[in-house]
Amino acid sequence: MRAPRVTHRERAALVGLIAGRARRLEAERSLDELAGLADAAGAQVVLRVLQERPKPDPSTFLGSGKVATLAASCAETGADLVIFDNELTPAQLRQIEAEVGRKIVDRTQLILDIFARRARTREGKLQVELAQLKYLLPRLVGAGAALSRLGGGIGTRGPGETKLETDRRRIRSRIHAVSEDIEQVRRRRAQLRERRRKGSVPTVALVGYTNAGKTTLFNALTGAAAEASDALFVTLDPLLRQVRLPDSRELLVSDTVGFIDRLPHALVAAFRATLEEVADADLILHVVDAAAPDRDRRVAAVSRVLEEVGAVDVPLVEVYNKIDQLTADELRRLQEQDPALLAISALKHEGIGELVETMPSRLALDGRRMTFTFDSDNPADRDRIGRLYRHARVLVHEARDGRVSIVADVPRRLAGLLEVNFS
């Protein structure tokens with residue numbers, strides 16, 4: 001019997017910088033998040049380094065003395081690669097790699113690598129490939145022999161193995177081809193959204209910092225069995241499921257890719273076709289990890305991405321998740337800040353009912369009971385009757401002497417479509 005194959009985990013050194021007005025606590029938390037990213041990429045963290053400087057060194061980021069110390073520490077701990085908690089310039093990458101003698105990966109490249117591991121659908125793989133190619137293009141200039149070290153491991157998955165040795169012309173050609181494929185995806189999504197709009201089925205988009213519990217909430221709301229895990233960026237490909245409200249009306253809920261602080265711009269651009277689902281939603285549920293020590297920073301990071309994708313005008317409800325991880329005092333303080341705050345535990349199904357009851361009013365599904373009279377021989381009135389049945393909740397339908405009387409609950413959001421005055 002063949003012994004099971006043991007996969008080697010690369011040993012990683014993490015490097016962070018405390019520069020300018022940054023505080024040590026913030027830098028340490030950022031490095032903790034980087035450790036989570038490294039673990040998601042399959043690395044074992046063996047060394048952490050935090051360096052204080054007024055600003056990054058333009059050549060080596062840390063300064064020549066600290067780079068020499070880093071090289072010695074990597075040799076002592078047996079680190080295979082060094083991961084920087086910042087985006088490095090191509091020149092910095094080459095200089096640090098030459099002095100440390102290890103593979104150098106920056107924060108952007110690490111996130112791209114994780115996305116390459118997580119992508120399952122053709123659409124997701126295309127979007128990740130586009131982001132990687134745009135990241136690689138400026139780093140091909142003068143890289144020379146440095147490219148030969150990319151034979152596998154973190155930072156080299158996806159298109160890396162086949163594209164790094166190509167010249168800039170071929171990279172640009174591939175970027176153009178992938179962009180066209182993604183544009184087709186974008187058009188298909190736009191058509192599907194338009195079809196949903198015509199059917200007047202409201203859409204609720206779940207957004208949040210990675211690992212905030214969006215997918216767990218998605219499963220709780222929809223009864224789906226999407227993969228949920230205590231790991232970063234588990235959901236890349238958007239999920240869309242139907243939810244039936246207690247009064248039998250329906251809405252669609254979509255689960256999207258998790259956000260993160262300093263999410264690479266190339267990724268936001270590449271995933272624009274997916275993130276347009278958020279910008280075109282009728283309501284955004286921002287799922288917040290209530291137990292996160294840096295909760296405010298994460299909320300701000302999500303707000304920045306929503307602004308970047310043009311979703312700031314969409315009605316938004318903040319949903320504080322993971323209250324099962326809070327003490328009674330912590331939960332009380334949270335609720336004192338905002339008595340109307342929605343606090344839930346998607347894992348324990350606590351507060352889900354209250355959340356479902358809140359969505360109709362925020363979606364303008366609340367409305368008014370009204371009585372309509374139509375001429376059954378009038379084609380325009382027959383069209384109006386059809387719209388009422390499609391978009392409102394018809395309670396009574398009576399036909400007598402060529403006249404049709406209908407009593408219906410009309411949603412406020414559809415007043416214009418149904419030619420109803422709510423004032």
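Residue numbers count from 1 along this sequence.
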Is the shortest distance from a Lys or Arg side-chain nitrogen in [X] or [Y] to a carboxylate oxygen in the other one below 4.0 Å?
| X | Y | result |
| --- | --- | --- |
| Arg9 | Asp80 | no |
| Arg262 | Glu87 | no |
| Glu129 | Arg174 | yes |
| Arg29 | Asp32 | no |
| Arg304 | Asp261 | yes |
| Glu33 | Arg107 | yes |

Could you walk me through whether Asp106 and Tyr135 pass the side chain to side chain donor-acceptor pair (under 3.5 Å) test, one step at a time? CA-CA 11 Å; Asp106 65 14; Tyr135 173 85; 3.0 Å; yes

Tell me the closest heavy-atom pair linking [X] and [Y], and the distance in Å.
| X | Y | answer |
| --- | --- | --- |
| Ile352 | Ala346 | CD1-CA, 4.3 Å |
| Val314 | Ala279 | CG2-O, 3.3 Å |
| Gln335 | Ala343 | NE2-CB, 4.4 Å |

Mind running side-chain contact (heavy atoms from CB on, under 4.5 Å) on Leu334 and Arg295 for me, showing each step along the way? CA-CA 12 Å; Leu334 187 64; Arg295 185 174 61 220; 3.8 Å; yes

Please check if any side-chain donor atom of Tyr209 sits under 3.5 Å from a side-chain acceptor atom of Asp294, or the reverse. no

For the side chain of Ser173 and the backbone of Arg169, is there at least one donor-acceptor N/O pair under 3.5 Å apart? no

Going from CD on Glu97 to NZ on Lys103, what distance comes out if it is rounded to the nearest 0.5 angstrom? 9.5 Å

